[in-house]
Every structure is written in structure tokens, then in C-alpha cells.
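Computed over heavy atoms, backbone and side chain alike; hydrogens, waters and symmetry mates excluded.
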Amino acid sequence: MRGVDPDLAALQEVRDQVARAKAAQKIAAGWDQATTDRVVLAMAKAGARAAHDLARLAVEETGIGRVHYKVLKNLFGSEGVWDSIKDERTVGFLKQDDRAGLWEVATPVGVVAGVIPTTNPTSTTLFKAIISVKGRNAVVISPHPRAARCIAETVEVLRRAIARAGGPEDLVCVLQRPTIESTGALMKHKDVSVILATGGAGLVRAAYSSGKPAYGVGPGNVPAYVDRSARIDQAAHDVVTSQSFDNATLCCSEQALVLDKPIANRLLAAMIERGAHLANPTERAQLEVYCNRRGGMNPDVVGLDPWRIAENAGFHVPRSTTVLLAHQDGVGREHPLSIEILGPILSVHLVDGWEEGCRVAKELLHFGGLGHTMSVHAQERSVLEAFALDKPASRIVMNGPSSMGAVGFSTGLMPSFSLGCGPQAGNITSDNISARHLINIKRIGFPKADWPEAEKRAHQRAAELVGDSAPRGSGLRGDPGLRGNGASSTVSVLGSAGGPPPSAPQMSWGGTTPIEGPRSKPAGQPLAPTKARNCGPDCDCSSCERQRGKGNQSPMVVAGSPVQPSSLTFVRNPGSKAPTRSAPMPVISAPRAERSAPTGGALDASEIRTILTHAGSGCPMGPCQGCPHLDVQSGACNA
């Protein structure tokens, strides 16, 4: 539309795409497992069929990587990911363990925001869409602007596959005009439930600060330690093939070689036989200037062929070169090639023994790769175990290529293009992200078979400390809240006429027993005042107060008496079936000479029976402590 501001149009597109995805997800939320798997299988097959076309388009648009390896990534991101989750239940009951009294139920999270990088655009789109729909979610893809076209084409392949399988194609949507602002708006949209963020450190920080749950990944400055016990030819082969895998654009690709001195020259020679080029001091200086810009990776290096990196740096190597190697004397800002560089170039660090190798590997991980990945080449089990126990990496690939191993292509790790680095790197998880991270799991618990006995034992232990063997509400014999001191009771629901039904149990509460002991009276006669010792003319005990009142009895005792003001009143709301107690009025002290006998609320007999039936075995007016009807000296209730 002419005259529409591009930024405003991009923000409106976010709202539109999220609304469409939300509507589609509501449909998918009603699917069973078979329907869900049928749709996801169709998506995986469609992605595999289009693997070559999408790979070629990605390289043409971004200039990053190699078509052959993009095809491998697309196949892995579609069929490989599907194979890893096809038997996983993501719908309904996941577990019904009646013996343990535990059920688990899977529910979808809703709408997923999938942020896609330029390094692996089509394969990451396939991966995120497949794991999202496997959990009956919808996903809105936000592409990197440099890869918007190939990502949009990937989404279109998936949408057609969903439609052919009978599902709503809006389960996978894409932003056609991606901007930094629109990506931010997508991550903060109220209808987005979770974020899958793959990209630079700034993007991951933005995802975690969006206020939404997010799975982000950190940078991967991956060290590869080669021990003196390693099989040299195999280690050289693994490192070269890993660096050649799409020109080392995966963040789990090796970034630094940490070589045990006794085998360093042999390992470097074996790599040179496989096409590697070891830079001389002049070439190393040129690479340091070109690859490192202001302490960070030059983005123009990402995914380039080794010969092109060399030419851009100012020297020439054969086009058949597989990887560039350059010695570094340490790790840190003073050593420009010790940073993460997503391209076929490796810094080389010499160490004497695996202990020093451990130290240097740690330095590399802390300098931009904490919690991500490392690889170890050794045959001594003690060395492998030492690295496994001590290194701050969430994935350690042993005796294999790091690129393919960490993502689960060549190892038994969960296939994934989103590799969590754990809380040590500011990530919520250290897992390889998959479909199970995109479902909610409800857990239903039933009481254990031995719970009554276990509860009693727990109360007994507590009673030994506090001295109360049957605290109020515990349900144990002696519980003051139980009628009959342990006998269970049931109170019928109040009748619609306002009073209790004739069959309702009678109230057993009869007022607080005075401190002097229970009083008795002949039938039909009022209680005689209980005079405490040493009462004087100014005594304010209940007996003296009643004497001064000279017959001012509560309307609860004498029917038809005038209503007296009370600090506690009961009100009946129109249409209600039972009286409710209003908030107590503040008790205001008055001069002793003006005191009058305490009175109760003005209630008829039916309402009183209703209150007492509702009250169970407790006072309908609440706790005695602080109640204006409690005689503090005698302990008697004057209500």
C-alpha cells in the first residue's frame, strides 16, 4: 500500500501473523497423536524433497557456506529431526503409573516465535517448524534480513505440506518484511508463548529480556584438545571434515586446536596432507587484522571458503585448501585469533600434557564459549574422564568431528540446531532443544498407599518438639476442630427456607466454660451470678456487670426485648440462604460509670440455629480471644 511507513507495516504484519498462527494452533490443539504425527511427517518429507533447491537458494542469497553441505543440513533438519521424535508422545497422557499414583499429560505451549540466523537459514527453519508442530504448536518465523527469501521459500514448502495433510497451513507463518523492530515486537507479543532464538549474543539477550520464556543459545568458542595418546590420522581427519562441514558455520565447530607437544608436528602434518594451510608469521598477522574487528569476529568472514579468507586478508592459497591454521601464544584480547570465528580457520595452541591442555581449554571456553561445546581426541580413558568431569561445556565430543557430533548428526545426542549452554552462560537449559521443550506437562498426583500412617508418624515427630499431638485441623483424634473430639460429622446443606433442615445434626458447642468451673442451674431458672473473690464496688467482672444491668438481658435470651447496640452484628443479604457476619466494629473504651450489660445481635431463633449449624463445633462469632463477649477474668461467654 502506497504511503504506508515500512516500519509500521512491519509491526502490523507481526500482529496479523501472530493472530493467524493463534487461530491455527487452536485447531491443532484438538488433534490426537496420530493426526499430529501425520502432519509432521508430511512436513519432514517435504523438507527433504526440497533440500537441494533450498540449499542452493540459501547460498545464492547469503553467500555463506556450500551447497553440498547445506543439502546435508536440510536433510538432517527435516528427516533427521523427525526420526529422533517420531516415537515421542506429545499428546494426552504421557504416563499413567497407578502404582506410583502419578499421571502426566502433555499440552501445547501455544504460539512459538522462531528467530532464524543467516548462517543456517533453511535447515534451522525446518527444524524449528517440525519440533513446534510436533507439540501441536504454531510458529511464527522471523528471518534474518540477509536470508529472508530462502527462509520464506522454506516456510512455503512447509505450509503446502501441512495443507496437503489436512491441517491449517498457518501453523507455520513467516514475517515477509523482517526488521529489528518487528523481531522485537514478535518476541514481546502478548499471544507469543515461548521464543526459540538462534543468533548473536545481542539477539539472545533481547530474547531473554523480552519478558517471555525463551530458549536461547550462547556463542561457541570451541576448543579441540588432541592428546599424545590420540590416533593422529583419525584426529586430523575429524578436524578437517568438521571444518569443511558448510565452512564451519555451525557454532559448535572447532575454533582452536590445543595440541599436546609430543604429537603437535605430526598432527599438523597430517592435516596439511588433507589440504590444511599453516600460516607463516606474516600471514598470521594478516589474518589477525582481517578476522578480528574491535575484539570481535568480522562478519564478512562467516562461511567463506579458506582461499577467499586468505585473499581478503592479503595472501594466496590454493582453492583446494580445506582449513587455515595459525599459531597463537595465548588466549585473550592480545591474541586476536583466539575468538570465535565461524569460518574454516583455527588458532593453534601448544601445551605440555593434558593438565595444561585442560587449563587452556578452560581459558578458551571462558573467552566466549562458556557452556557450549568442546572436543577431545585421546585413547587414555583417564584423560577422557578428566575432561568430561572438569570442563565447563554442555557437550563434549570424544574422538569425533565437533560440528556433526554436537548437533547429534554423528553421535547419539538429540538432533538439534539449537544448543543450550546452561545457566553458566545465561541460558535456561544446557539441552539440545527438541520437541519435548515445546510442550507443557501437567502432573496429576494421588495419595500414596501408606500416606495415613506416614502422616501420623510425621505428626508424632512434630509433637515431640512442640507438644501438640493433635493440632487444629489435623484430623487426628483430639483435634479441637472435630466434633466429639475425633468423631467425624457431616452437616447437611442449608434448606432454601433459611434455616437448617429438620435432620441437621445439633450444635454441640455450649459456650466457653468459666475458669471457676461449669455452672449448673435448675431447669427453667436463670443462672445465678458467679461472684469472684474480693469483688469491690468498681469490679468489672461479668457478674458485677450483670448486677449493674438490673435485668438488661440479651435478646438472644429474652424474646421480644428491645434491640441493643452490639459490637458484632449479623446481616442477611437479600436473596441469601444463610446469614453472613459483617466486619466487627472497633471496640471503643468508655468510662466505667457508663458501661452497660453486653448484648448479642438481634437474631431470631431460626437464624441462630442456622448459624450454629454452619459453625460446626466452633463459636459462630469467631475466636474467643479479643471477642467483646468474653469475660477475661472469669473466662465465661456472655453472648
Side-chain angles (χ1 to χ4, degrees), residues 16-50 77-97 102-114 124-142 154-174 186 189-196 212-213 215 414-418 431-444:
D16 295 342
Q17 297 293 350
V18 172
R20 293 168 61 183
K22 182 179 179 181
Q25 193 277 323
K26 287 183 177 179
I27 297 173
W31 288 349
D32 58 16
Q33 190 69 65
T35 303
T36 302
D37 290 344
R38 186 182 71 248
V39 173
V40 178
L41 175 59
M43 295 168 64
K45 288 183 175 179
R49 285 194 299 268
S78 53
E79 289 182 342
V81 170
W82 163 250
D83 285 342
S84 70
I85 63 175
K86 64 182 180 182
D87 297 324
E88 185 173 348
R89 286 199 59 83
T90 55
V91 179
F93 286 105
L94 306 181
K95 176 193 294 186
Q96 285 184 291
D97 188 343
L102 178 63
W103 293 354
E104 292 184 351
V105 178
T107 60
V109 298
V111 177
V112 179
T124 305
T125 300
L126 292 168
F127 156 72
K128 290 187 176 181
I130 286 173
I131 65 171
S132 295
V133 178
K134 173 70 173 178
R136 295 179 294 165
N137 306 298
V139 61
V140 179
I141 299 295
S142 179
T154 306
V155 169
E156 187 59 31
V157 168
L158 295 170
R159 287 169 61 86
R160 290 196 296 265
I162 293 171
R164 286 195 300 269
E169 59 185 12
D170 286 337
L171 285 175
V172 183
C173 296
V174 64
L186 174 64
H189 195 285
K190 63 182 179 63
D191 290 329
V192 167
S193 300
V194 67
I195 302 167
L196 288 179
K212 297 299 181 78
Y215 291 110
M414 176 61 72
S416 176
F417 281 117
S418 290
D431 293 344
N432 285 16
I433 306 302
S434 187
R436 68 185 180 89
H437 296 89
L438 297 180
I439 58 173
N440 292 318
I441 299 179
K442 295 189 292 186
R443 292 172 175 85
I444 296 89

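- Between Pro415 and Phe127, every side-chain heavy-atom pair lies at or beyond the 4.5 Å cut-off.
- Considering all non-hydrogen atoms of both residues, Pro108 and Gly135 come closest at CB-O, 3.2 Å.
- Rounding to the nearest 0.5 angstrom, the gap separating the CD1 atom in Ile131 from the OG atom in Ser416 is 6.5 Å.
- Taking the side chain as every heavy atom from C-beta outward, Val112 and Lys128 never approach each other to under 4.5 Å.
- Between the Ser193 side chain and the Val109 main chain, a donor and an acceptor come within less than 3.5 Å of each other.
- With contacts defined as side-chain heavy-atom distances shorter than 4.5 Å, the pair Ile130/Ile85 qualifies.
- Arg89 contributes no side-chain N or O that, together with a main-chain N or O of Leu94, makes up a donor-acceptor pair within less than 3.5 Å.
- Taking 4.5 Å as the limit, every side-chain heavy atom of Met414 sits out of range of all side-chain heavy atoms of Asp431.
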- [ ] Kindly indicate, with the supporting measurements, whether the criterion side-chain contact (heavy atoms from CB on, under 4.5 Å) is fulfilled by Val172 and Met43.
- [x] CA-CA 10 Å; Val172 183; Met43 295 168 64; 4.1 Å; yes

Task: Derivation of the salt bridge (Lys or Arg N to Asp or Glu O under 4.0 Å) call for Lys22 and Asp170 - done: CA-CA 9 Å; Lys22 182 179 179 181; Asp170 286 337; over 6 Å; no

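- By the ring-ring contact (aromatic ring centres under 6.0 Å, His included) test, His437 pairs with Tyr215, sequence neighbours left out.
- A salt bridge (Lys or Arg N to Asp or Glu O under 4.0 Å) check over residues 23-41, counting only residues at least two apart or in different chains, returns the pairs Asp37-Lys134.
- When all heavy atoms of Val139 and Gly114 are compared, the pair lying nearest together is CG2-N, 4.0 Å.
- With a 4.5 Å cut-off on side-chain heavy atoms, Ser78 and Lys45 do not count as touching.
- No side-chain heavy atom of Arg136 sits less than 4.5 Å from a side-chain heavy atom of Thr90.
- Here the side chain of Asp191 pairs no donor or acceptor atom with the backbone of Val18 at under 3.5 angstrom.
- Summarising the geometry, atom CD belonging to Glu156 is positioned 7.0 Å from atom CD belonging to Glu169; distances are rounded to the nearest 0.5 Å.
- Side chains of Val81 and Leu126 form no contact here, defined as non-hydrogen atoms less than 4.5 Å apart.
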Task: side-chain contact (heavy atoms from CB on, under 4.5 Å) evaluation trace for Thr35 with Val91 - done: CA-CA 10 Å; Thr35 303; Val91 179; over 6 Å; no

Task: Check against side-chain contact (heavy atoms from CB on, under 4.5 Å), Lys442 and Thr107 - done: CA-CA 8 Å; Lys442 295 189 292 186; Thr107 60; 3.7 Å; yes

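- Atom OG of Ser132 and atom CD1 of Ile439 lie 12.5 Å apart (nearest 0.5 Å).
- Here the shortest heavy-atom pairing between Ala113 and Val192 reads CB-CG1, 3.8 Å.
- Taken to the nearest 0.5 Å, the CD1 atom of Ile141 stands 5.0 Å off from the OG1 atom of Thr125.
- For the pair Leu196/Leu438, a side-chain contact is recorded, criterion being any heavy-atom separation below 4.5 Å from C-beta on.
- Residue Cys173 comes nearest to Arg20 through the heavy atom pair SG-CB, 4.4 Å, listed as atom of the first residue, atom of the second, then distance.
- Here the shortest heavy-atom pairing between Gly77 and Phe417 reads CA-CE1, 3.7 Å.
- If you take OG1 on Thr154 and CZ on Arg159, they are separated by 13.5 Å, rounding to the nearest 0.5 Å.
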- [ ] Could you give me the CA-CA distance, side-chain angles and deciding distance for Leu102 and Lys95, then say whether side-chain contact (heavy atoms from CB on, under 4.5 Å) is met?
- [x] CA-CA 8 Å; Leu102 178 63; Lys95 176 193 294 186; 4.3 Å; yes

